[in-house]
Number of protein chains: 2
Amino acid sequence: MSASVTSRALDLLGAFDPEHRTLTLSALARRSGMPLATAHRLVGELHRWGALARLESGEYVIGRRLWDLGLLAPVQAGLRQAASPFLHDLYGATLATVHLAVRDGTEVLYIDRLAGHVSVPVVSKIGSRLPMHATGVGKVLLAYAPEAVRAEVLGRLNRVTAYTITQPARLLEQLRRVRAEGFATTGEEMSLGACSVAVPVRGAVGEVVAALGLVVPDLRRERARLVSALQVSAQGISRVLADPSSAQWK
Amino acid sequence: MSASVTSRALDLLGAFDPEHRTLTLSALARRSGMPLATAHRLVGELHRWGALARLESGEYVIGRRLWDLGLLAPVQAGLRQAASPFLHDLYGATLATVHLAVRDGTEVLYIDRLAGHVSVPVVSKIGSRLPMHATGVGKVLLAYAPEAVRAEVLGRLNRVTAYTITQPARLLEQLRRVRAEGFATTGEEMSLGACSVAVPVRGAVGEVVAALGLVVPDLRRERARLVSALQVSAQGISRVLADPSSAQWK
DNA sequence: TACTTGGCTTCCGTTCAATGGAAGGACGAT
DNA sequence: ATCGTCCTTCCATTGAACGGAAGCCAAGTA
């Protein structure tokens with residue numbers, strides 16, 4: 001068997017991931033399972049085009065041209081743009097790490113993030129995917145997800161920390177409360193020392209399109225204030241989503 | 001002549017640009033100059049891999065997988081990360097649109113941007129390139145650019161608005177002042193109704209690695225305050241760049 | 001100095017996958 | 001009913017991708 005030329009080139013690109021942002025030619029060949037000579041030629045083409053760049057060390061990295069292209073992807077472009085000012089407001093009001101996330105299959109995809117100087121240990125990065133059952137935004141998205149998705153997630157509740165919820169019944173109960181109260185919380189379920197609150201963001205017809213969350217070291221004191229700040233922002237975003245022109249006059 | 005398969009696939013991707021974020025199959029074929037049948041097959045592969053996505057309308061757009069990849073590009077990743085909190089601070093302190101930009105050849109490349117609710121007409125977007133002589137960040141970067149770059153830019157001072165500086169001598173004089181005073185300003189030179197201030201961001205050994213700028217409707221009143229806010233932030237970023245560990249304890 | 005190891009680059013004859021013209025289908029407008 | 005536009009599939013031809021082999025360079029080792 002021998003895949004098509006194009007898919008081979010793409011496989012080379014696919015060899016890059018957050019843990020491998022720089023790769024040598026031989027590593028690329030190895031990771032994508034093709035002879036060195038072949039990889040050499042393909043990488044050469046990718047490099048010439050600007051999809052890959054080469055460091056002084058000789059290692060390859062994703063090039064600026066792919067960065068440009070990536071920015072054109074409609075990964076909730078409208079949502080990100082509408083939400084951007086509200087994220088800043090939230091940060092200003094809380095000085096906590098702010099997250100905007102959507103559901104991607106059975107995981108949470110972080111599409112924007114805003115962290116301050118003093119940040120809690122947070123795993124998320126823009127573009128990263130985390131499990132739904134261990135994050136605040138994840139619980140919100142799960143609470144409003146189609147039944148099939150919920151079933152699948154409940155089937156595999158992997159333990160992340162000692163506090164991660166791994167019993168389907170307990171999670172279901174929490175999801176019910178999320179729908180009733182309009183917000184979700186976590187307490188060190190994803191990483192120790194980090195708690196979170198999150199609320200749903202609704203689209204033009206009331207459907208949940210995203211989740212907005214805050215990560216703080218401790219939740220006990222300020223929960224009410226944080227939830228209310230979140231809800232104000234989420235409503236603001238919804239309003240802009242429903243009527244983009246209203247974004248101008250605040 | 002007939003280019004290599006890989007480069008054809010890349011040409012298809014290259015058909016997307018900020019003005020053409022969605023394209024039909026035939027448009028793709030047309031824009032990249034290849035027979036429809038060929039485009040069809042290649043697009044199919046790109047789509048299967050996730051480089052392209054298809055809207056309900058049948059049009060193609062850059063896919064989420066390329067978005068992921070693009071985020072891995074080391075486009076000043078360190079710089080963006082170091083600067084992020086300071087950009088938020090600046091926004092909080094000024095409520096103006098905040099820009100972080102680097103020089104890309106003879107143009108300004110905006111690598112981060114932060115806009116508020118009430119925004120001035122601003123052309124920039126993350127990933128967009130603008131002329132150096134008509135923007136605040138551009139003037140700063142130009143003032144500290146190698147002589148060869150400056151010469152080339154001065155050779156082509158295209159008019160953008162009625163206020164754009166098109167006389168080399170006047171621009172040179174301004175650049176001298178930028179170096180002397182440590183900041184640059186513009187007044188409706190890129191778009192009417194928008195003025196800007198910008199300062200250099202220095203790296204570990206004092207070299208200028210980026211520019212930090214603000215866009216506001218009017219400069220007269222607040223210039224001093226804005227410049228000082230910018231300089232504080234720029235120094236903060238420099239400190240983090242020189243010693244990344246210091247980012248933690250503010 | 002000689003030898004080894006690991007990565008990078010170039011060459012080139014074979015072969016197999018990419019090519020693209022043609023034909024057909026779906027949709028909408030006139 | 002006819003045209004225009006776009007999408008999809010087919011398949012015989014052919015020229016471009018393939019990858020083994022050989023050579024290069026630099027760093028480490030004896």
Side-chain angles (χ1 to χ4, degrees), chain A residues 1-66 69 72-74, chain B residues 1-66 69 72-74:
Chain A
M1 161 240 151
S2 159
S4 77
V5 198
T6 303
S7 76
R8 297 200 146 199
L10 293 173
D11 283 346
L12 279 173
L13 294 179
F16 291 92
D17 65 40
E19 278 74 48
H20 302 83
R21 309 181 118 218
T22 73
L23 292 169
T24 63
L25 174 59
S26 356
L28 274 166
R30 218 175 310 121
R31 282 173 66 85
S32 43
M34 66 182 75
L36 189 59
T38 307
H40 179 255
R41 185 167 29 83
L42 292 178
V43 164
E45 291 187 57
L46 292 169
H47 181 227
R48 219 165 303 125
W49 189 79
L52 295 180
R54 205 161 187 191
L55 306 175
E56 316 77 50
S57 65
E59 288 179 308
Y60 290 95
V61 291
I62 298 294
R64 187 174 275 180
R65 190 141 179 202
L66 275 191
L69 270 184
L72 296 179
Chain B
M1 162 241 151
S2 161
S4 76
V5 196
T6 303
S7 76
R8 298 201 143 198
L10 293 174
D11 284 346
L12 280 173
L13 294 180
F16 291 92
D17 64 40
E19 279 73 49
H20 302 83
R21 311 183 70 149
T22 74
L23 292 169
T24 64
L25 175 59
S26 358
L28 274 166
R30 218 176 310 121
R31 283 173 65 85
S32 44
M34 65 181 77
L36 188 60
T38 306
H40 180 254
R41 184 165 30 82
L42 292 178
V43 164
E45 290 187 57
L46 291 170
H47 181 226
R48 217 165 305 125
W49 190 79
L52 295 180
R54 205 161 187 193
L55 305 176
E56 317 75 51
S57 65
E59 287 179 307
Y60 290 94
V61 290
I62 297 293
R64 189 172 270 179
R65 191 140 177 202
L66 275 191
L69 270 184
L72 297 180

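- What you find for B/Leu28 and B/Ala15 is that their closest heavy atoms are CD2-CB, 3.8 Å.
- Contact between the side-chain N/O atoms of A/Arg8 and the OP1/OP2 oxygens of C/dA18 is not found at any separation under 4.0 Å.
- Considering CG of B/Leu23 and CZ of B/Phe16, their distance stands at 4.5 Å, rounded to 0.5 Å.
- In this structure, the salt bridge (charged side-chain N to carboxylate O under 4.0 Å, His left out) partners of A/Arg64, at least two apart in sequence or on a different chain, are B/Asp104.
- Atom pair A/Tyr60:OH and C/dG7:P shows a separation of 14 Å (rounding to whole Å applied).
- At distances below 3.5 Å, not a single donor-acceptor pair connects side-chain atoms of B/Arg54 with backbone N or O atoms of B/Glu59.
- Annotation: side chain of A/Thr22 is in contact with side chain of A/Leu55 (closest heavy-atom distance under 4.5 Å).
- Applying the salt bridge (charged side-chain N to carboxylate O under 4.0 Å, His left out) rule to pairs touching residues 23-34 of chain A yields A/Asp17-A/Arg31, sequence neighbours excluded.
- Annotation: the span from A/Arg65 atom CZ to B/Leu13 atom CG amounts to 9.0 Å, rounded to 0.5 Å.
- The overall bend of the helix from C/dT1-D/dA30 to C/dT30-D/dA1, read as the angle between its terminal helix axes built from five base pairs each, is 30° when rounded to 10 degrees.
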Please list every donor-acceptor pair under 3.5 Å in which a side-chain atom of residues 34-50 of chain B meets a protein atom from a residue at least two apart or in another chain.
unit_1  : atom_1 : unit_2 : atom_2 : d
B/Glu45 : OE1    : A/Ser4 : OG     : 2.1

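- A/Glu19 CD to B/Leu72 CG: the interatomic distance, rounded to the nearest 0.5 Å, is 9.5 Å.
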If you restrict it to nitrogen or oxygen atoms, what contacts under 3.5 Å exist between nucleotides 2-6 of chain D and the protein, and what is each distance?
unit_1 : atom_1 : unit_2  : atom_2 : d
D/dC6  : O5'    : B/Ser26 : OG     : 3.4

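- The two atoms that bring B/Ala51 and B/Leu66 nearest to each other are O-CD1, 3.6 Å, heavy atoms only.
- One atom, CD of A/Glu59, and another, C1' of C/dG6, lie 14 Å apart when rounded to the nearest Å.
- Checking the phosphate oxygens (OP1, OP2) of D/dG19, a side-chain nitrogen or oxygen of A/Thr38 falls inside 4.0 Å.
- Near DNA chain C, defined here as any heavy-atom distance below 4.0 Å, the residues from residues 39-58 of chain B are B/Arg41, listed numerically.
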